[in-house]
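The structure under discussion appears below in the form of structure tokens.
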Amino acid sequence: MRTLFEFIIFPGFLFTAIAGMVFSWIDRKVTARVQWRQGPPFFQPVYDFIKLLGKETIVPSSANSVIFLLSPLLAIASTTLASVILWKAIINPQSLFVGDLLVVIYLLAVTPLAVILGASASGNPIASLAASREMKLYSAYELPFIFSILVSVIKLNTIKLGEIILSQQSSGIIFNSFSGVIAFVVFLLTIQAKLGLVPFDMAEAETEIAGGVFIEYSGVPLAIHKLNRIMLLFIIPVFASVLFFGGKFWSIIVVLVLIILIRNTNPRVRIDQAIKFFWRTCLIFSIFAVVLATIGY
Amino acid sequence: MNFITYLIGLPLIGGLLCLLIPKAKEVIAVAISVITFAVSILAFVFPDQASQYFIFDKMSGFVALFISLFGFLIVLYSIKFMQKLSAERKISLTQYYCYVLWTLAASLGAVLSNNLILLLVFWGFLGLTLYLLMQIGASDFQESSAAAKKTFIIIGGSDCFMILGIAIIWFLTGTFQMDKISINFASYNSPSLPVIAFVCLTIAVFAKAGAMPFHTWIPDAASTAPIPITAYLPASLDKLLGIYLLARICLNLFNVSAYQHINVFLMFIGAITIIAAVFMALIQHDLKKMIAYMNISGAGYMVLGIGTNNPVGIAGGLFYMLSTTLWTSCLFLCAGSVECKTGTTDLDKLGGLAKYMPLTFLSSLIAALSISGVPPFNGFFSKWMIYQGLISSLPTSNFQLLTLLFIAAAMFGSALTLASFMKLLHGVFLGQASKHQNIKTSERISEVSWTMWLPQIFLAVLCAIFGVFAIQIPLKYFIFPSLSTSHFPFPAVFSGVWQPGLATLLIIVGIAFGFIFYIISGLKYRISDTYIGGETLPSEVRVTGADFYQTIKDIGFFKTMYSLAEQKMFDIYDWGRKIVSSVGSVLSELHTGNFETYLSWCLIGAGILLLVLVH
């Protein structure tokens, strides 16, 4: 019962959703200020969500409706679980709840998986193109993502999230080393793609393929997909903070601000440019970081 | 009489009966495989004593159990499938069932034998039945006989290495009895001889299980042989046997812990196999070939796990072996059902089948999620164990950086596996329905008969159960007992945390809440046409899954690698063929058919002989 409460209210679904909405508002406000606009009011993410709930749900005739409607639920359930695992570790590092670092990595991979399944299930050719992009993007960023996480694993020699936080509290954060800084920079770039933000938003690309993977979504399923994105905007900075800063609160905000700045100062790249960027530049830097970490820097 | 005699004897006699009473071949095959499965359950529960020739411990017991399970499922699946296939092509079903049962007997014999010579005999016999099975169900005789020949040469060639390895073992220890052999590298001053023996035996393992560089027969076999055969031999039995033998070699026959190079060698082969095979899988256009490459990359994970040489890694490798047989044979059977209904396995011509074949779609979805390591299925659990094995070997390793690269290769491999399966699911079951396939078969496409979907669903459900209840069922009954010695203090080995039961429960709760949300919001939706920006698509234009990863194929480095792979530069068989034919072409220059030339060669030879004798 207690677990159920944790899963649904705190630090699970409700908490993550609210925090994610706050983060999303910060994101939109900062973006607006960068572009010399006024920006939305504080409750705008809530209004958007409620507006979508009131809209009609449309399922394309070519779709496999079960997979199409199940995909947002699968994504949001996994994201919530990842959030609970991370927050339980931050609140009480001794507790061994459900999963470790590897589990979180794989749970975060469920979102692209569900999005792709949903897009393919719609039977729309544009969604298929976008699904292909999303999948390529996922395989591109996953390699440097893994390498940058390995830096923390080498330095702390554990995959339990609680121990990762505890040992950073006792013996200094990972970011305080050469390899840690490089790994963090690579990690920051990969999560930009993981969140589907500019410059790596080619799978959604409103101006080009009209929302791409979400093109056929509307109403409640779309609201859930958007909410999932908003929750990820909160979870992934938390994950970065756990890995590189020992779960300190200020670092979550720092990561968020950096993400917003990258997003506002770059144009969208093509998918092949993104693949080359992740498999060449990022990979070299992240391997360099791993080598530095093995020799103790 | 004991169980082992029944286990090997029953299928052997059953095969003969099929030949004698061709009319009742299906009944005999099903009955014999069911009885064998039942006997293997009994034998697993009440294990026999080890004798000089046969051994029935926990490890061989559980492998035998799954071999006979696959035997039964494949025979069940074959009934309808082969009936249809034999109507299209001329296939002798009598021979087919006979060989299938003999394969079952030989595999059980190989797993249960406690004597290296006996093992070798069964092992060789398996290579023969594989060759025969590939020959009879040929779609295109020329092509399939080439593939069968290739398979036979690779498997047979690796058997030669096995004979050499066994001979060296006999030379070192003076016995063939497996439970008495224990070669410790540390006790030799220069361990070159034991290392050669070890490498020879691992070559046989790699060829059987399909690890690089002896993997090339699997894609060829998959694209030409009838699908039940592919699901039976390369996908399940050969994996079980190969990795079973590797585990025996690494755990019982040799003590490799003193010699870290051996472990790094195994892990290196494993990691290379994972990455190379999965990259090949990404670009395949044929469903069967794609699954075949995924099957090869699975072998990489097992070798990687066993190569870590620490308890959790080895247990992970064995668990991965068990899991991989479940999901690859499930996927092959699903591909078979698709082929049966649409007449093709070309991704370009398929699409949108999920509506027509929901059960096949469901089982391949579960199998695909398992193989890609999505929690909470069995693929995630076994990969998780292998990663832990690698990570926990880090502090004591002399090859830290290499081990890290192996971890990254394994994790990245699983990301790419997910990518290939998204392509597969999109190309076959989701996406736009193919006009080509609809016009012809819109009435005919429906779910396959129960003898075909039952094995698929059964395997898929096993994937899910073995993932959610991993600790309670497969690890408790199969994996840990087979390793449980003082060296392996199970189950207190995990260095991470993963509670699949609770996680599954929470995810299900989450999805249930979502459904309630849908219901509250009315649960009514409008069906409408797809939105493509107001344009009208010509009916022949559609996005197939086939070219999903063209971008990757076009990147400089990969372009070179793929074109090299297409020229078969990484095919050891092709290299062997080229070497043999170039040596042969030199020698054939001598055979001019000219009598004088032969005579002069004879004279020169006689002269040299004379000189030698005089000296």
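Residue numbers begin at 1 in each chain, while the letters A, B, ... track the order of the sequences.
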What option among A:Ile224, A:Leu107, A:Leu117, A:Val66 has the most heavy-atom pairs under 4.5 Å with chain B? A:Leu117
Is there side-chain contact between B:Phe515 and A:Leu69, with at least one heavy-atom pair below 4.5 Å? no
Taking every non-hydrogen pair under 4.5 Å, which of B:Gln400, B:Met422, B:Lys383 racks up the most with chain A? B:Met422
Pairs of heavy atoms under 4.5 Å with chain B: top-ranked of A:Ser78, A:Ser122, A:Ala140, A:Pro221: A:Pro221
Name each donor-acceptor pair under 3.5 Å that joins a side chain in residues 406-416 of chain B to protein atoms two or more places apart or in another chain, with its distance.
unit_1	atom_1	unit_2	atom_2	d
B:Ser414	OG	A:Tyr106	OH	2.6
B:Ser414	OG	B:Met411	O	3.4

Using a cut-off of 6.0 Å, state whether more than 12 heavy atoms not belonging to B:Phe399 lie near its atom CZ. yes
Return the option, out of A:Thr158, A:Val59, A:Thr57, with the maximum number of heavy-atom pairs under 4.5 Å with chain B. A:Val59
With a 4.5 Å cut-off on heavy-atom pairs, point out which of B:Ser372, B:Gly373, B:Gly501 contacts chain A the most. B:Gly373
For side chain to side chain contact (heavy atoms under 4.5 Å, CB included), just list the numbers for B:Leu365 and A:Ile67, CA-CA rounded to whole Å, side-chain angles, deciding distance to a tenth of an Å, and then say yes or no. CA-CA 11 Å; B:Leu365 179 68; A:Ile67 297 291; 4.2 Å; yes
As an exercise, state the distance from CG of A:Leu113 to CG of B:Leu369, rounded to the nearest 0.5 Å. 6.0 Å
Looking only at A:Trp279, A:Phe145, A:Phe13, the option with the highest number of non-hydrogen pairs under 4.5 Å against chain B is A:Trp279
Closest heavy-atom pair, A:Val290 versus B:Leu401, reported as atoms and distance to 0.1 Å, is CG1-CD1, 4.1 Å
Residue among B:Leu505, B:Leu394, B:Leu502 with most heavy-atom pairs under 4.5 Å to chain A: B:Leu502
Taking non-hydrogen atoms and a cut-off under 4.5 angstrom, which of residues 79-87 of chain A neighbour chain B? A:Leu81
Pair count under 4.5 Å, heavy atoms only, with chain B: among A:Leu102, A:Val291, A:Thr294, A:Asp272, highest is A:Leu102
Tell me whether the count of non-hydrogen atoms from other residues, nucleotides or ligands lying under 6.0 Å of CZ in B:Phe513 goes above 12. no
Options A:Leu101, A:Ile105, A:Ile154, ranked by heavy-atom pairs under 4.5 Å with chain B, top entry: A:Ile154
Which atoms of B:Phe429 approach chain A - backbone, side chain, both or neither, heavy atom under 4.5 Å: neither
Ignoring hydrogens, what is the shortest heavy-atom contact between A:Met135 and B:Ala419? Give both atom names and the distance. CE-CA, 3.5 Å
For B:Leu418 versus A:Tyr138, what's the shortest heavy-atom pair and its separation? CD2-CE2, 3.6 Å
What distance separates B:Tyr387 OH from A:Ile159 CD1, expressed to the nearest 0.5 Å? 11.0 Å
With a 4.5 angstrom heavy-atom cut-off, could you sort out which part of B:Phe421 is near chain A: side chain, backbone, both or neither? neither
Among B:Leu425, B:Val374, B:Leu506, B:Ile507, the residue with the most heavy-atom pairs under 4.5 Å to chain A is B:Leu506
With a 4.5 Å cut-off on side-chain heavy atoms, are B:Leu404 and A:Phe147 touching? no
